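Bear in mind the structure is a predicted one, so any value in this text is a computation, not a measurement.
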Amino acid sequence: MKTAILGPAQRAEAFARMAERELDVLVVGSGVVGAGTALDAATRGLCTGLVEARDWASGTSSRSSKLIHGGLRYLEMLDFALVREALKERGLLLQRLAPHLVKPVPFLYPLQHKGWERWYAGSGVALYDGMSVSSGHGRGLPLHRHLSHKRALQVAPCLKKDALVGALQYYDAQMDDARYVATLVRTAAAYGAHVANRARVVGFLREGERVVGARVEDVEGGTEYEIRAQQIVNATGVWTDDTQALIGERGQFHVRASKGIHLVVPKDRIHSTTGLILRTEKSVLFVIPWGRHWIIGTTDTDWDLDKAHPAASSADIDYLLGHVNEVLATPLTRDDVEGVYAGLRPLLAGESDATSKLSREHTVAHPVPGLVVVAGGKYTTYRVMAKDAVDEAVHGLDRRVAECVTEDVPLVGAEGYKALWNARARIAARTGLHVARIEHLLNRYGSLAEELLELVVADPSLGEPLAAADDYLRAEAVYACTHEGARHLDDVLTRRTRISIETFDRGTRSAREVAELMAPALGWDDAQIEKEITHYQKRVEAERESQRQPDDLTADAARLGAPDIVPL
């Protein structure tokens, strides 16, 4: 299979190709569901297009808890079908589809009551493991284990001694959500999909009742294209209702946004060899290992303000710190927080008044001929959502179409990953990079890491780490533009890397170095470099200001003080 390269030339070609002939399927929205839908359609042999108004995963799909999990708490809600489906998908991703991106992660569940709680929680975790194994894709993750009070404190010394009487430990999986979506898009493109970001749908083309295409604006160049397609899939998540409104249709369901925020703190602030899962009055709270950091989250509150830039308020941050500090021997303070991010879950409206109780099931509908809508669901089950969306679209095509094959289609970078991992010491010796750097690249790019190493061979300075974010090599900033579709500084600092949440300066100290690395690949002059840096600095300051505000309304107003680099 030819590896797709997503640079400026390929983006221009994608617009031209989509405009010159009718597509079978046009997917609108490139979160994980939209990207997965494009891959599903392309691997069935359909002529497929994918357009995204901003950047890949710029909405919900870059702001999650970064977990691939079955949803242990859904067992308590007796939602066995959802858990079984998610556990199967977790196994597929770990073993077959993306072993380079999806990794096992342990969690400790502290027990606070003797006797009954160990039996009750232990039964649930045992069922969780059993359902995983019975799915046929449960290999590779250790089974849960029961820990005494003493052993639990050895595993997680950060916990207060009186915060638990014992514990359970079980495993789930995690990934870098934005990197996963970028890899999905590249995989879809490798199978023939035409993909373009910064491509906004401004209207739909109609012939009678039927939707026959979309008017798509190249937000960067200003050109508007008419892209015709036999079927369009609306996969715009929390923007589903807004997209539906462009055809004047209310749709068969509504999507409600629930805000979840996360904090990022350095690894040394919490002394533990395992992640934590804690009960709250409304849901659960995770403390998740994340490289040299921890991610703490999440909240679950209704949100009806700006969807593009949901803001974390001071109250949100206090909520998370308060709950995690209930069990930590050494409490966290605001000064420990490196990064904060907020995202919106797309929940199907009308199922419950409390957003934390809204179902994570997904729905597919065909509200008018030519238009399919997919919404709801959860990150882990994106592939199933994509399959259902394409199955529905196929009903509107006047020919026989192959069944879904994505269960057997690894993402780019998966093939050869394990062999390269085994050879990582030899690769390090050959390239002169430390073996830890090679491991970092393999776990972010899989076998595509060889493409980055070629950049380093051509220009050895790209093998140096970024001065103010030394987890990342300079080559990664260049590669993001030449191969992964990054168009702006924000794309690289926030999604291709996670510098914006992994450094106390939120990426401002890296802005100039990264912008100057991006400039040759994107044809920027000095004025554009300065514009990108200024915009990023204003964005960070607006986010910091929003996080000082007492509530959602004032936080939203503060965050909107920084305009987008490209107005939408």
Listing request: all side chain to side chain donor-acceptor pair (under 3.5 Å) pairs with a residue in residues 429-439, at least two apart in sequence or in separate chains.
R424-E439
Assess the residue pair F286 and F107 against the criterion (ring-ring contact (aromatic ring centres under 6.0 Å, His included)); give the C-alpha distance rounded to whole Å, side-chain angles, the decisive distance to 0.1 Å, and a yes or no.
CA-CA 9 Å; F286 287 102; F107 285 102; 5.4 Å; yes
Got a sec, which residues hit side-chain contact (heavy atoms from CB on, under 4.5 Å) with A86, two or more places apart in sequence or on another chain?
K378, T380, T381
Pair E502-W290, side-chain donor/acceptor within less than 3.5 Å
yes
Whether the side chain of Q10 engages the backbone of G7 through a donor-acceptor N/O pair (distance < 3.5 Å, no angle test) should be reported.
yes
When you look at NZ of K418, are more than 12 heavy atoms from neighbouring residues, nucleotides or ligands closer to it than 6.0 Å?
no
Results of side-chain contact (heavy atoms from CB on, under 4.5 Å) for A386 - residues two or more places apart only
T37, D40
Any donor and acceptor pair, going by atom type alone, linking the side chain of T298 with main-chain N or O of H262 inside 3.5 Å?
no
Report yes or no: is the cationic atom of K66 (NZ for Lys, CZ for Arg) closer than 6.0 Å to the six-membered ring centre of Y341, at no more than 45° off its axis?
yes
Using a cut-off of 6.0 Å, state whether more than 12 heavy atoms not belonging to E403 lie near its atom CD.
no
For a side chain to side chain donor-acceptor pair (under 3.5 Å) check, start with the C-alpha distance between W56 and E484, then their side-chain angles and the critical distance, and finish with the verdict.
CA-CA 9 Å; W56 322 131; E484 297 180 331; over 6 Å; no
Could you check whether T406 and R383, counting side-chain N and O atoms only, form a donor-acceptor pair closer than 3.5 Å?
yes
Mind checking whether Y417 and W421 have parallel, tilted or perpendicular rings, split at 30° and 60°?
tilted
Could you check whether any side-chain N or O of S500 sits under 3.5 Å from a backbone N or O of G507, counting only pairs where one atom can act as donor and the other as acceptor?
no
Pair D300-S258, side-chain donor/acceptor within less than 3.5 Å:
yes
Can you see whether R90 engages S132 through a side-chain donor-acceptor pair at a distance of less than 3.5 angstrom?
yes
Could you tell me how the ring of H146 sits relative to the ring of H144: parallel (under 30°), tilted (30 to 60°) or perpendicular (over 60°)?
perpendicular
Indicate whether any N or O donor in one side chain lies under 3.5 Å from an N or O acceptor in the other, for D177 and S64.
yes
